[in-house]
Amino acid sequence: MGKESCINWGSLETYLSADIVVCGGGTAGVFAAIAAANEGMDVLLVESQGGLGGSAVGGLVIPYMTVRIPGEPRCSYLHKELDRRVEEYFGEKYVKNSADPIIFGIIQEQMCAESGARVLLHATVCGAQVEEGRIRAICVACKDGIRKIEGKMFIDCTGDASLAVQAGAEYTKGHPKSGVNQPMSLRYLVDGVDMAAFGDFLDSFGDPATTSGRGGGSMYAAVWSKTESALKPLFREAIANGDLTEQDMAYWQMFRVPGREKGLAFNNPEFFDLKDACDPLQLTEVQLRGKAFIFRQLLFYQKYFKGFDDAYISNIAPMVGIRESRRIRAKYELTGMDLLRQRKFPGCISQCNYPVDVHGGADLFQDDLPEGDPEKPWYEIPYDSLVSVDLGNLLAAGRCAGADFVAQSSIRIQICCHSMGEAAGIAAAMSVERKAEPGQIAGEEVSARMRERGADFIE
């Protein structure tokens, strides 16, 4: 049972086994593995890349945003510990909600090792053995062939619901009318920038949205095709001169990199013409075409910006920046209207007031104002949005959790994914201890355990 495949399960010997198998060592998966291990479980974390951290590390996704609730952090206990360690490392150079991706990844790997969770890298989920509605084992593609891994409970933190799909579960994907995924990006870092000269250049425009950050805040600039901004005339000039294309201006965003005295991070190029974030040909197109964009943009900076004479590309993300792809069919599907109404749930495992952030979807709630209680300006993610209705021993956390297209655009930020992962790890541990299914675990119990561990939620 499960997704039809050519795998002969009877011929595969068990390579590894664990109480709880977490698939995907990224933004949600690391937290799921640590949380489950902290509950005393034998945990195996399976990751396809060569390190942990997912989009935050391999995708160079910084900063990691905030839930935008007064009195933050309003987050999971593991997120608070991660942030504490980041601040301890950077000291005076610490910038809230941001970090050098390399250091960010190393700290997460240290936390994982300390928890006792085992890690298997360079292993891609490629099949699932399903019996009587439960996953008995998965297979992973490794350098030396297919390996079989058994578990009692499974958590899908792949971002693309890869485990759920391999196990034959139903899913939703893309815009509700077109099925098109949000645009993909390829982020990169530039070092060797003369920050004093570039800061003066930014401040010369007199635009608070294009700033060196010297008066407070952080260095930042952005250019979008649909809105006016201080730097946009330079982009238009470069397009007229043949130094940029229109797509270079479609979405361009720049941040300072904490700990890198001469480093900047760029949240672009963005590709609106590639519509399927699970299509390997389109992912290949992002990587190859994206690098050509990035090189062209570096030359543009050197010609049109101050402070870039000695600048160079120091890193291009090895992972495509995917905002949204497949989402599981969950016990409760969080909706855009839940966000707009700032709905609260008894089994709350995350609180957030981050806005709807659908790239390329201007018709979907961005301009609508919340209708909820102004005294409690946030929505909540319920535990039931992590519980698969198709597979008895499967939870999902991160951007593939149970949410509609609009709600997913807000809950996909890292701080929410951390909370979802933590909740999934705790719930999986409860399921193993009680020999119960996740759907039989009350969200209130999971939420209470998160608070006992130190999660900072508002009553």
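Source: prediction; values computed, not measured.
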Task: Any side-chain heavy-atom pair of Pro438 and Lys331 under 4.5 Å - done: no
Open item on the list: Between Arg327 and Glu333 (salt bridge meaning N to carboxylate O under 4.0 Å), is one present in this structure?
Closed with: no
- [ ] Report yes if the side chains of Val21 and Ile135 come closer than 4.5 Å at any heavy-atom pair, otherwise no.
- [x] no
Open item on the list: Could you check whether Gln253 and Tyr220, counting side-chain N and O atoms only, form a donor-acceptor pair closer than 3.5 Å?
Closed with: yes
Task: Residue Lys148 excluded, over 12 heavy atoms near NZ under 6.0 Å - done: yes
Open item on the list: Can you tell me how far apart CZ (Arg136) and CD1 (Ile138) are? Round to the nearest 0.5 Å.
Closed with: 14.0 Å
Open item on the list: Tell me whether Arg329 is salt-bridged to Glu170, with the criterion being a basic N under 4.0 Å from an acidic carboxylate O.
Closed with: yes
Task: Any donor-acceptor N/O pair, Arg147 side chain to Thr14 backbone, under 3.5 Å - done: no
Task: Closest contact, heavy atoms only, Val43 versus Ala36 - done: CG2-CB, 3.6 Å
Task: Ion pair check, Glu88 and Arg85, cut-off under 4.0 Å - done: no
- [ ] Identify the two heavy atoms, one from Ala99 and one from Ile62, that lie closest to each other, and give their separation to 0.1 Å.
- [x] O-CG2, 3.2 Å
Task: Donor-acceptor pair between Tyr89 and Asp100 side chains, under 3.5 angstrom - done: no
Open item on the list: Tell me whether Arg451 is salt-bridged to Asp456, with the criterion being a basic N under 4.0 Å from an acidic carboxylate O.
Closed with: no
Open item on the list: For Gly454 versus Lys80, what's the shortest heavy-atom pair and its separation?
Closed with: O-NZ, 2.6 Å
- [ ] Look at the rings of His175 and Phe405 and say which category their plane angle falls in: under 30° parallel, 30 to 60° tilted, over 60° perpendicular.
- [x] tilted
Open item on the list: On the six-membered ring of Tyr379, is Arg343 placed so that its NZ or CZ lies under 6.0 angstrom from the centre and within 45° of the ring axis?
Closed with: no
Open item on the list: Under a 3.5 Å threshold, yes or no: a donor from one side chain and an acceptor from the other, between Tyr188 and Asn267?
Closed with: no
Task: Min side-chain heavy-atom separation Ile316-Lys291 under 4.5 Å - done: yes
TODO: Please tell me if the side chains of Val57 and Leu52 come closer than 4.5 Å, counting only heavy atoms from C-beta onward.
DONE: no
- [ ] Apply the ring-ring contact (aromatic ring centres under 6.0 Å, His included) test between His79 and each candidate in Phe31, Tyr64, Phe457; give the one that qualifies.
- [x] Tyr64
- [ ] List the atom of Ser162, the atom of Arg326, and the distance in Å for their closest heavy-atom pair.
- [x] OG-NH2, 3.6 Å
Task: Ser325 versus Asn181, side-chain donor and acceptor atoms under 3.5 Å - done: no
- [ ] With side-chain hydrogen bond (donor to acceptor under 3.5 Å, both in side chains) as the test, would you mind laying out the steps for Glu324 and Gln408 before giving the verdict?
- [x] CA-CA 8 Å; Glu324 167 270 335; Gln408 191 272 351; over 6 Å; no
Task: Atom pair CZ (Phe198) and OG (Ser212), whose distance is rounded to the nearest 0.5 Å - done: 10.0 Å
Open item on the list: Minimum heavy-atom separation for Ile20 and Val432, please, with both atom names.
Closed with: CG1-CG2, 4.0 Å
Open item on the list: Is it true that, when you exclude Lys344 itself, more than 12 heavy atoms of the residues, nucleotides or ligands shown sit nearer than 6.0 Å to its NZ?
Closed with: yes
Task: From CA spacing to verdict: side chain to side chain contact (heavy atoms under 4.5 Å, CB included), Met254, Val190 - done: CA-CA 10 Å; Met254 179 219 73; Val190 170; over 6 Å; no
Task: Straight-line distance of Tyr383 OH to Cys348 SG, nearest 0.5 Å - done: 14.5 Å
Open item on the list: By the definition side chain to side chain contact (heavy atoms under 4.5 Å, CB included), identify the one residue from Val22, Leu386, Leu394 that meets it with Ile155.
Closed with: Val22
Task: Side-chain heavy atoms of Tyr251 within contact of Ser225, under 4.5 Å - done: no
TODO: Please test Tyr332 against Asp338 for side chain to side chain contact (heavy atoms under 4.5 Å, CB included), starting from the C-alpha separation and ending with a verdict.
DONE: CA-CA 11 Å; Tyr332 182 81; Asp338 288 333; 2.7 Å; yes
Open item on the list: Quick check for you: to the nearest 0.5 Å, what is the distance between Cys75 atom SG and Met450 atom CE?
Closed with: 9.5 Å
Task: Polar side-chain atom of Gln414 near backbone of Val61 as donor-acceptor pair, under 3.5 Å - done: yes
TODO: Kindly determine whether Leu395 and Ser388 satisfy side chain to side chain contact (heavy atoms under 4.5 Å, CB included), including the steps that lead there.
DONE: CA-CA 6 Å; Leu395 291 155; Ser388 168; over 6 Å; no
TODO: Using the ring pair (Phe, Tyr, Trp, His ring centres under 6.0 Å) rule, take Phe271 and Phe293 through it: C-alpha gap first, then chi angles, then the decisive distance, then the call.
DONE: CA-CA 11 Å; Phe271 297 90; Phe293 270 64; 5.4 Å; yes
Task: N-O pairing of Asp160 and Arg399 below 4.0 Å - done: yes
- [ ] Show your working on side chain to side chain contact (heavy atoms under 4.5 Å, CB included) between Leu120 and Leu45 and close with a plain yes or no.
- [x] CA-CA 6 Å; Leu120 178 66; Leu45 177 57; over 6 Å; no
TODO: Look up atom CD in Gln342 and atom CD in Glu375, then write down how far apart they are to the nearest 0.5 Å.
DONE: 11.5 Å
Open item on the list: Between Arg449 and Glu445 (salt bridge meaning N to carboxylate O under 4.0 Å), is one present in this structure?
Closed with: no
- [ ] Taking the side chain as every heavy atom from C-beta outward, state whether Met195 and Leu264 have any pair of such atoms under 4.5 Å apart.
- [x] yes
Open item on the list: What I want to find out is whether Glu270 reaches Arg323 closely enough, with some N-O distance under 4.0 Å, to be called a salt bridge.
Closed with: yes
Open item on the list: Quick check for you: to the nearest 0.5 Å, what is the distance between Ser410 atom OG and Asn353 atom CG?
Closed with: 8.0 Å
- [ ] Taking all non-hydrogen atoms of both residues into account, name the closest pair between Leu163 and Cys23 and its distance.
- [x] CD2-SG, 3.8 Å
Open item on the list: Would you say Gln182 and Asp357 are linked by a side-chain donor-acceptor pair, where the criterion is simply a distance under 3.5 Å?
Closed with: no
Open item on the list: Can you confirm whether the side chains of Glu422 and Ser76 place a donor and an acceptor under 3.5 Å from each other?
Closed with: yes
Task: Within-4.5 Å side-chain heavy-atom neighbours: Pro382 and Leu334 - done: yes
Task: Electrostatic pair Glu437-Arg134, nearest N-O below 4.0 angstrom - done: yes
Task: Note, Val67 side chain near Gln351 side chain (heavy atom, < 4.5 Å) - done: no
